[in-house]
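See below for the structure under consideration.
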Amino acid sequence: MPEILEVEASRRLLEERALRRRITALDAPDPWYLKRGLDAGALHDTLVGRRFTAARRHGKLLLLDIEPGSPAAASDRDHEHNPVLGLRFGMTGQLFVDGHRALDRLEYASNRPEPAWERLILHFGVRGRLLVRDPRRLGAVELDPDEDRLGVDALALTGPDIDRILGRSRAPLKAVLMDQSRLAGLGNLLTDEVLWRAELDPARRAGALDSAERRRLHRVIARTLRELGARGGSHTGDLMHSREPGGVCPKDGTPLARRTVAGRTTYSCPRHQR
DNA sequence: ATTGTGGCCTGCCCGC
DNA sequence: TGCGGGCAGGCCACAA
């Protein structure tokens, strides 16, 4: 499941291989995959003949800046922003550029190269192509996505941010950390890993954390993202292999609790997560 | 406003 | 061997 680390890897792949190449054609065979009123014709008009100038990311949202059209058109519309292509990968979406992909494997998703799962293809000349493959169609392609709806990016998190995020919320800690409008980037697996490492109960009311716990949480998020990013993704956490029925805590051997918290399957250690 | 719930999508895996 | 049901989770609409 692409969480922030997988999306960041995809962003780097785009930066290395997709920028400044002219888009010569596109296929968008699945209308359902295009969101907010976008259709293949409008996408064609916006993209074909142009190039991407930058690959950005906000939480799990991938953003590709598109160069302006003709110089005349650009000066006519000086007051407007250049268009931005937004890509969301949902749970099973995966990005390829030419033959290359950002992730060796994707958890919970088939890695079979089924042509029917190809939701967007941008052609760079005859040989090059950018491909979004998504078996379950939970991802999305949109134009000019609303970045304002996302909270602070988890990779740019600061200490004061944590206070704003948790505030006095009475919601479960896990729900708040997964709320993309407060903190953008953490998904189910990373959140379980972070809370396990920080020794905090996912069901605790978020606003009830004291200042020492908030400081600990901030440090653990930063460290966990750094470590797991270096290891290769969200699924490389220390809790991951125990995250199944019958699993025990890697720290103390206690049978893990499996619950639904914030509407998600949640594993935690009842002994040391408080 | 904040919090909680259910549905979307579909491949895969389990048990019968 | 086939089949049904449950499960995975990011995101959104909607309810309380």
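Every chain is numbered from 1 and lettered A, B, ... according to where its sequence line falls, protein lines coming before strand lines. The analysis underlying the following values was restricted to heavy atoms, covering all of them including side chains, and did not include hydrogens, waters or symmetry mates.
- In plain terms, the two heavy atoms of A:V261 and A:P202 that are nearest each other are CG1-O, 3.9 Å.
- Here the P atom of nucleotide B:dT3 and the CG atom of A:L173 are 12 Å apart, to the nearest Å.
- The separation between A:L34 atom CG and B:dC9 atom C1' is 16 Å, rounded to whole Å.
- Distances from the side chain of A:R88 to the nucleotides B:dC9, B:dG4, C:dC12 place C:dC12 closest.
- Close to B:dT2, at under 4.0 Å from its OP1 or OP2, lies no side-chain N or O of A:R182.
- Residue contacts shown for A:R149 are limited to sugar-phosphate atoms, with no base heavy atom under 4.0 Å away.
- When all heavy atoms of A:G233 and A:L5 are compared, the closest pair comes out as C-CD1, 3.9 Å.
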- request: Could you go through the salt bridge (Lys or Arg N to Asp or Glu O under 4.0 Å) check for A:E67 and A:R50 one step at a time?
  value: CA-CA 6 Å; A:E67 69 180 358; A:R50 304 198 192 162; over 6 Å; no

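- Between the side chain of A:E227 and the backbone N or O of A:L225 there is no donor-acceptor pair closer than 3.5 Å.
- One can place NZ of A:K60 at 9 Å from C1' of C:dC11, the figure rounded to the nearest angstrom.
- Considering only the side chain of A:R112, B:dC12 comes nearest among C:dC11, B:dC12, C:dG10.
- With A:V194 as the fixed residue, the side-chain contact (heavy atoms from CB on, under 4.5 Å) test singles out one of A:T224, A:L200, A:L239, A:L228: A:T224.
- Atom OH in A:Y33 sits roughly 13 Å away from atom P in C:dC12 (whole-Å rounding).
- Rounded to an integer number of Å, the gap from CG of A:D179 to P of B:dT3 is 9 Å.
- Distances shown here put a side-chain N or O of A:T265 below 4.0 Å from the OP1 or OP2 atom of C:dA8.
- Using a 4.0 Å cut-off, no side-chain N or O of A:W117 falls inside it from OP1 or OP2 of B:dT10.
- Atom CG in A:D134 sits roughly 13 Å away from atom P in B:dC9 (whole-Å rounding).
- The nearest whole Å value for the distance from the NE2 atom in A:H58 to the P atom in C:dG10 is 16 Å.
- Taking side-chain N and O atoms only, A:T92 has no distance below 4.0 Å to OP1 or OP2 of B:dC9.
- A:G187 comes within 4.0 angstrom of the backbone, heavy atoms only, and of no base.
- A straight line from CZ of A:R264 to C1' of C:dG10 spans 7 Å, rounded to a whole angstrom.
- Contact check, A:R137 against B:dT10: a side-chain N or O comes under 4.0 Å of OP1 or OP2.
- Contact annotation: A:R258 side-chain N/O to C:dA8 OP1/OP2 distance is under 4.0 Å.
- Proximity of A:R170 to the phosphate of B:dA1: no side-chain N or O atom is located under 4.0 Å from OP1 or OP2.
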